[in-house]
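Let me begin by presenting the structure, written as structure tokens, before commenting on it.
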Amino acid sequence: MYVVKVFHGYITKDGRRTRDKTPTKLLVFYNKEESENFANKIGGRVKKLEEITKT
């Protein structure tokens, strides 16, 4: 699972930026290609969800 990171935060399900790393609130992609396409459109980058939940 992947999330999109933008400017000190992550994209939520409603399309806003948040610093909250709770996976239930974040926009989650199950396919890396889909997440990269979305990140390229909005100027973000892709992060694996596992990396976020470890911290």
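Below, each value reflects all heavy atoms present in this structure, side chains not excepted, and no hydrogens, waters or symmetry copies.
In this structure, CG in Leu27 is found 15.0 Å from OH in Tyr2, a value given to the nearest 0.5 Å. Rounded to the nearest 0.5 angstrom, His8 NE2 and Arg19 CZ are separated by 7.0 Å.
The shortest non-hydrogen separation linking Lys32 to Ser35 is O-OG, 2.7 Å.
In this view, Phe29 and Phe38 satisfy the ring pair (Phe, Tyr, Trp, His ring centres under 6.0 Å) rule, not counting sequence neighbours. With sequence neighbours left out, the side chain to side chain contact (heavy atoms under 4.5 Å, CB included) criterion links Phe7 to no other residue. Take Lys25 and apply the side chain to side chain donor-acceptor pair (under 3.5 Å) test, not counting sequence neighbours, and it matches Asp20. Here Asp14 pairs with Thr12 under the side chain to side chain donor-acceptor pair (under 3.5 Å) rule; sequence neighbours left out.
Residues Leu26 and Val4 form no side-chain contact, since every pair of their non-hydrogen atoms from C-beta on lies 4.5 Å or further apart. Two residues are said to be in side-chain contact when any heavy atoms from C-beta on lie closer than 4.5 Å; Lys21 and Tyr10 meet this criterion.
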Exercise. Dump the intermediate steps for side chain to side chain contact (heavy atoms under 4.5 Å, CB included) on Ile11 and Val6, then the final yes or no.
Key: CA-CA 7 Å; Ile11 300 295; Val6 290; 3.6 Å; yes

Listing, residues 40-47 side-chain donor-acceptor contacts under 3.5 Å, not counting sequence neighbours, or none:
{"unit_1": "Asn40", "atom_1": "ND2", "unit_2": "Glu36", "atom_2": "O", "d": "3.2"}

